[in-house]
Structure formats: structure tokens, C-alpha cells
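This report refers to the structure that appears directly beneath it.
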Amino acid sequence: MSPSRTETSLLWLLRALAAIAGAITLLIVVFLLVEAWPALRSPGFTHFLSDEAWFPSSSTPQFNIAPMVAGTVAATLGAMLLATPLGIAAALFCRFYAPPALASGFRRLLELLAGIPSVVYGFWGLVVLTPLIRQWAPPGQSLLAAVLILSLMILPTIALLSETALRSIPRSYLQGAAALGLSRWRTISGVALPAARCGIASAIMLAAGRAIGETMAVLMVAGNIVQVPDSIFAPVRTLTANIALELGYAMGGHRAALFVSGLMLLVLIVVLVTLSDWIMREEIHG
Amino acid sequence: MIKKILKACCVVAISLLLVGCSGEQQEGAAADGLIGQLIVTGSSTIAPLAGEIAKRFEQEHPGTRIDVQSGGSSRGIADVRRGTADIGMVSRQLNPDEIDLVAYPIARDGVAVILHRDNPLQALSEDQIVAIYTGSVTRWSEIGGADAPITVVNKAEGRSTLELFLSHFKLRNEDIRPSVIIGDNQQGIRTVAADPNAIGYVSIGTAAFEVTRGTPIKALPMDAVEATLESVRNGSFPLSRPLHLVTLPEAGAGAGAARAESAALIQAFIEYAASSQVDDLTEAQYFVPLAH
């Protein structure tokens, strides 16, 4: 068998696998659209934004999902605001400040944190975190609890991926900085972070995707009331929690309405990916 | 080499497709003479249980197929009357205008209102529960409890416990002012167990199990009837309801061999669903099996 033939077969194998991956994604989108179609036709998409509330299986059904979009966005943004600085700080500590033994131990800990199943985070949040918050502002199950749990969950993603990005900076950059006599902080802020910014940005985006999609942990601590949160102590329901809460018992129009929440989730992810693409392009050209 | 791998991949892919397409068709003749298909429609509360029972029934009687569809108790009644379903599932007593059908109880469903064990209140009247859930009472001190805000725990839309709770108290879900919405019974138990100021409601099966396990909750009596499996089973507990399978009384009385065959199957399935052989399935759905 000549190398070129091996090459060709490999090429076709890879093409086939790529096509399968693409087709699966497309099929999921098509499936969502087909399942959501009855609800999009009647009551129609505007009802999902203009109805007064979310009572999909009442005798006069109402389908407003806007508060849940707001809940998802608020929880995700909050978690990113908290976890991004912490994650980058952890990565910097691991890469530039910690002695090697401590750094590797720290990495192991972060990996462990990343590996804990989300339902465990949720359970911990329910029995430890929400009672603490309740002492300030009942009922405790709230946007704040969701934000804190989500931050904890995406922190290792940001920290580990940022650390990898920092590690892959060419050694000569750092040596150059050292030769110029820059302090450690100047090296980090002037050389390391700018050089690793693309990797760090994609780490943040990946973490945001995980935060948007997280279901179980949020379901257990967020309180799940369908409302636009008026404070961080207000309970909220996210789109994912909505699907998980109601899908098992939903029929007909209610079921289709839940697929519309799935569709909205997909739209949020598309917006996120587009945004991150745009930021990356700006970074490269800017 | 690569070609071999490719071939293997193709074989795996094709066999996966084939497995996906081939339906499980059981054509084997039944030893006990039960063959044929039944259509069961009705209450979404009973449908999951009926589905599990049907699965086990089909396993024990190859050659039968029980098709369970949900759509509400009224649909079950309408379908049986129209003849589009053999058996209807009805999660309430039959109304006086429905006595043309025969109802067979297969289990009971009960809902217990639960509080944290440390809550000093030992009982609540129906009016107090309605006041709490509709938001006209928001602090325990207003009804003789501790000076603390009430955490009202409600169920997510579509749950049978929510449906029973609302219909018993003649409320609409829109009227309820919840502080927290939960999904399954377990989450309800955890939420109330973690919050001394919470009030919630769960299936009595779950509540009784958790109380015996020492979870810090208590199930409130209703109208002075204790919330126990026994009071649900004998029907004295107010917040409970029977789960029925209904059929036409003349099912099978009609002429023709095919008719008789399906009547035998209907009878066999109903007897099976009400027998102690499915108690474990009933309990797994948090319903209360009948006394056998």
C-alpha cells in the first residue's frame, strides 16, 4: 500500500467523520425546530415574549419565556464576572508565583474541582449555601446562589485553560522580559497576558458556554420562580432548568413550548459564539 | 490496513442503523392464549405507572402489546366511550354522568403538606393553607407561628401532585405566590428539610419514607386525619384520590371471537394492574398500592 493511498483513505475517513459531526449538529437543530413548530405556529412566537407570565398548561395558557432568558443571562454574566478574575489569578499564581511542587498540587486540586459532578455542586448549594444566604435574605434559593455555584463550577475551566495558554507562551518572550530587567508583575501584565490573551479569551467563552448550559446545579439552588430578578436575592428560573423541570410531564402545546425554550438556548449559544469569534478577530487584527 | 479500518467502521455504522430500524416485533404465540393489542389512554398521572405495568405485562405475555397514551382523565373517558381506546385512565372518582363506564381502582394517590420538624405549628386548616399559598399570609406569626417569613414551596407545572393540590383547594396555579418552585418530591423534601420556615407538599409515599428515615420534616394532618399511607389507602385522607382504569361494561359481551379475545385481554390487564404483582411499580411512582 503506497503512502499516498493511505493518505487518501485517511482523508476520506476524516471527511466522513467531520460530515457526521456536522450532520448531528444540524439534525439537532432540525429536531428542535420540528418539535417547537406547533408552538411557533400557534400561539405564535410573539406570545413567547409578550404574554404576561409562564403558565403553559393552564386553561388559558401563557408562554412568556423572556424572564427565563433574563435569568439565564443574569446567572451566566454574574458567574463570569466572579470566576474570570479568580480563574486568571489562579492561573497566574500557578504559572508565575507558586513553587513547582505547590503549583502541581494546585493544578491537581483544580482538576478535581472540574471533575465534580454538577449534581454534587447542586446538593452542596442546597444544603449549605442557600441556608447561609437565607439568613440574610429569605428564601435563600436565589440568583446569588446560582451565580456562586456556577462560578465555582466554571472557575476550574477558566483557570486550567488560562494556565495552559500562559504555559504555551514562547520561552524567549519571558527571557527577553527578564533580560530587560522587568519586574515579575511587569512581565505578566506587559508580556505574558497580552501574548496569551487569545487562549484566555477562549477559556472564558468555553466557561460561559458551560454556565449557560448548566442545569442540575442551578435547578437545585435558583428557586425556579419565573420572574425577571429585581435583586440578586430574588429566585430566578433559567431556560435549562425550565426544560428539566417540566419536560417529563409536558404534553401537546406545553411540550412544544419547552422546545421553544430549547431553541432560545441555542440562540443564546449562537450569540455567544459569534461574539467570541468577533472578539478574537478584533484581537488578531487590532 | 486503513481499508480494513474503514470497512470495520462501515460495518459498525450500518449495523447501528439496522438496530435502530428493526422494531421489536414479537410474533410468538402466547402460552396462555392472550394475544392482541390494547390501547390505554387518559390521565397523565397514571400514564407513567400504566406504562411500567404494560411493559411488565408484555414481558409476561409475549404476543400482547399495550399502547399507553396520556392526555387527561377526560380524554380517557371520551376515548373509551368512542371505542378508540380499550381502557381509560381516570385519576378521580367517576362523575354521576359517567356511570355508563366501569371503574377499577388500581392504586391511590395522596399529597401531604409538609413543614420543617422545628416549626411549632402542628396543624393548619385548609383556609390557612390557601391563605399561605395565595400570598395573603406571608409570615408565620400571622397564624401563630414563629416571627419569620414563610417560604412557600410550589411544584413545577405539569406534576400530578400540583394538580391534586390545586383541585383540592380549588386554586389556579396563577393564584399561587410561590417563593420557590421545585421539580420532584425529593427536591421538595430537601428544600423543606433545609429551611425551618418552609411549607411544601409532596406525595405521601415519599413523605412517609423520609420521616421514618429521620429527615427533619413533618407531614401535617388534614381535617384531623393523619397523613399516613393507611389513611390514603382507606380513602379517609382528604388530599387523596383514587387512580382508576375504566372500561365499557359490555367489553367482551359483544359477539365475535375477536371481541371475546380482546375482552379476555382487557380483563387480564386490569386484574394484573390491580394485583400485588405490581405493588413495587406503584410505590416507585410514589402512589399507594391497594390493600390486597
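Chain letters run A, B, ... following the sequence lines, proteins first and then strands; every chain starts at 1.
- With a 4.5 Å cut-off on non-hydrogen atoms, B/L166 does not touch chain A at all.
- The candidate from B/A47, B/A194, B/G183 with the greatest count of non-hydrogen atom pairs under 4.5 Å with chain A is B/A194.
- Of the listed residues (B/I181, B/D184, B/I182), the one with the most heavy-atom contacts under 4.5 Å to chain A is B/I181.
- Exactly one of A/V128, A/L129, A/T130 qualifies for a side-chain contact (heavy atoms from CB on, under 4.5 Å) with A/L126. That residue is A/T130.
- Residues passing the side chain to side chain donor-acceptor pair (under 3.5 Å) test with B/T84 are B/D79, sequence neighbours excluded.
- The stretch residues 108-118 of chain B participates, sequence neighbours left out, in these side chain to side chain donor-acceptor pair (under 3.5 Å) pairs: B/R108-B/S240, B/D109-B/R241.
- Interface summary for chain A: among B/D195, B/N173, B/I150, the most heavy-atom pairs under 4.5 angstrom belong to B/D195.
- Judged purely by distance below 3.5 Å, without hydrogens or angles, the side chains of B/S91 and B/S73 pair a donor atom with an acceptor atom.
- Taking the side chain as every heavy atom from C-beta outward, B/Q128 and B/E142 never approach each other to under 4.5 Å.
- Both the backbone and the side chain of B/P178 come within contact range of chain A, with heavy atoms under 4.5 Å apart.
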